[in-house]
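I have placed the structure first, in the form of structure tokens, so that the comments after it can refer back to it.
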Amino acid sequence: MEPVIIVLIILVVLVFIALIKTIQVIPQASAAIVERFGRYTRTLNAGLNIVVPFIDTIRNRIDLREQVVPFPPQPVITQDNLVVNIDTVIYYQVTDARAATYEVASYIQAIEQLTVTTLRNIIGGMDLERTLTSREEINAALRGVLDEATGKWGIRVNRVELKAIEPPTSIQDSMEKQMRADRDKRAAILTAEGTRQAAILTAEGEKQSQILRAEGEAKAAALRAEGEAQAVRTVFEAIHAGDPDQKLLSYQYLQMLPKIAEGDANKLWIVPSEIGDALKGLSGAMGNFGNFGGGSSSGTNGGSTEKRIPERREKPSID
């Protein structure tokens, strides 16, 4: 009985192993290459798959998702004989698992070497300045070459990115000095522009202030002139309404004489011709007032003495 039990146990184990090898579960976004006696048979897709145990073997499992592979810095010589180190990143995706397995030994290594050689060809036709400013152009050229070359490998290159472009240390120092000089120049230009704009605004403000001040003074002068004119009209109307006689006018002339002579700057003043008539009228009025009081004054002609007020024509200047 014991040998039979041993045989049954062995059979059970073999059946279990056969079941394990027969049922193959492939994860999503993956594929498996099946070979029968060393020859490609089929590609297993995601899900539950049945294979012939001990006859069919799975050679390779391939991830069909988009992959990101960074490559180490590569020294590249530009057109002006400067060595720059360029880091690249490749975004690719396997579209044909069979071609990726049998058309190329290692598609990762093949893509890296193809990237390096293509990058050297592209950068070799550019100078340093163009290399630093033409990332999009370099990316597009790399992607076009890689996509065309890797198509037969069952690989699709989606994007190629340049992570960094590092020129030599001496060139970096020169570039930093140039950038610093450019920044200082722009700062000086902006400062001068701000000063000029401030001066223009200040001048405009002063101009507007002077215009407003002149307009205010003109309006004030106009209002003063209008007020004086109104005062003169009021006085004139009052005088005419009061109907003054010659005596009152003569008295007013006498009151105005001291005011005319006031001031050290008045070296010359003109007496109106009408003041003689006014003085005569005032003299007559004073004579009548004396006769009315009963007094008399003797003169050379035995009548009233005519008092003459000397006319002051010019006021001597005081040096």
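Small disclaimer: the values here were computed from a predicted structure and weren't measured.
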To the closest 0.5 Å, what do you measure between [atom1] ([X]) and [atom2] ([Y])?
| X | Y | atom1 | atom2 | result |
| --- | --- | --- | --- | --- |
| Thr202 | Gln197 | OG1 | CD | 10.0 Å |
| Ile108 | Glu112 | CD1 | CD | 9.0 Å |
| Ile123 | Leu82 | CD1 | CG | 12.0 Å |
| Met126 | Thr133 | CE | OG1 | 8.5 Å |
| Ile165 | Ile86 | CD1 | CD1 | 5.0 Å |
| Lys185 | Leu190 | NZ | CG | 12.0 Å |

Go through the steps for Arg135 and Glu161 under the test salt bridge (Lys or Arg N to Asp or Glu O under 4.0 Å), then give the verdict.
CA-CA 8 Å; Arg135 290 184 177 233; Glu161 297 292 340; over 6 Å; no

[X] (side chain) donor-acceptor with [Y] (main chain) under 3.5 angstrom:
| X | Y | result |
| --- | --- | --- |
| Ser209 | Gly205 | no |
| Asp147 | Arg143 | no |
| Arg156 | Gly151 | no |
| Asn121 | Thr117 | yes |
| Gln93 | Leu64 | yes |

Do [X] and [Y] have side chains that get closer than 4.5 Å, going by heavy atoms?
| X | Y | value |
| --- | --- | --- |
| Ile111 | Val69 | no |
| Ile138 | Leu162 | yes |
| Gln79 | Arg130 | no |
| Thr43 | Val34 | no |
| Asp96 | Glu103 | no |
| Phe71 | Val116 | no |
| Arg180 | Arg183 | yes |
| Asn49 | Ile26 | yes |

Where is the tightest heavy-atom contact between [X] and [Y], given as atom of each residue plus distance?
| X | Y | result |
| --- | --- | --- |
| Pro27 | Ala46 | O-CB, 3.3 Å |
| Leu142 | Thr115 | CD2-O, 3.9 Å |
| Thr78 | Thr131 | CG2-OG1, 4.1 Å |
| Ala97 | Ala31 | CB-CB, 4.0 Å |
| Ile122 | Ala141 | CD1-CB, 3.3 Å |
| Ala100 | Ile62 | CB-CD1, 4.3 Å |

What's the verdict on salt bridge (Lys or Arg N to Asp or Glu O under 4.0 Å) for Arg196 and Glu193, showing C-alpha distance, side-chain angles and the deciding distance?
CA-CA 5 Å; Arg196 186 178 72 88; Glu193 185 67 22; 2.7 Å; yes

Say whether [X] and [Y] are linked into one hydrophobic cluster, either directly or through other cluster members, by side-chain heavy-atom distances under 4.5 angstrom.
| X | Y | value |
| --- | --- | --- |
| Val89 | Leu119 | no |
| Val160 | Val94 | yes |
| Val157 | Val104 | yes |
| Trp153 | Ile90 | yes |
| Phe54 | Val13 | yes |

Side-chain donor-acceptor contact under 3.5 Å, Gln28 with Arg65
no

Between Asn85 and Gln74, do the side chains contain an N or O donor and an N or O acceptor separated by less than 3.5 Å?
no

Could you go step by step and tell me if Asn158 and Glu66 meet the side-chain contact (heavy atoms from CB on, under 4.5 Å) rule?
CA-CA 8 Å; Asn158 296 326; Glu66 185 175 8; 3.0 Å; yes

From CA spacing to verdict: side-chain contact (heavy atoms from CB on, under 4.5 Å), Arg213, Gln208:
CA-CA 8 Å; Arg213 189 181 299 111; Gln208 293 295 330; over 6 Å; no

CD1 of Ile55: more than 12 outside heavy atoms within 6.0 angstrom?
yes

Tell me, with the steps shown, if Leu44 and Ile58 meet side-chain contact (heavy atoms from CB on, under 4.5 Å).
CA-CA 9 Å; Leu44 301 181; Ile58 296 179; 4.2 Å; yes

I would like to know whether Val84 and Glu166 meet side-chain contact (heavy atoms from CB on, under 4.5 Å); could you show each step before the answer?
CA-CA 5 Å; Val84 294; Glu166 298 179 358; over 6 Å; no

Identified salt bridge (Lys or Arg N to Asp or Glu O under 4.0 Å) counterpart of Glu35 within the set Arg42, Arg59, Arg98:
Arg59

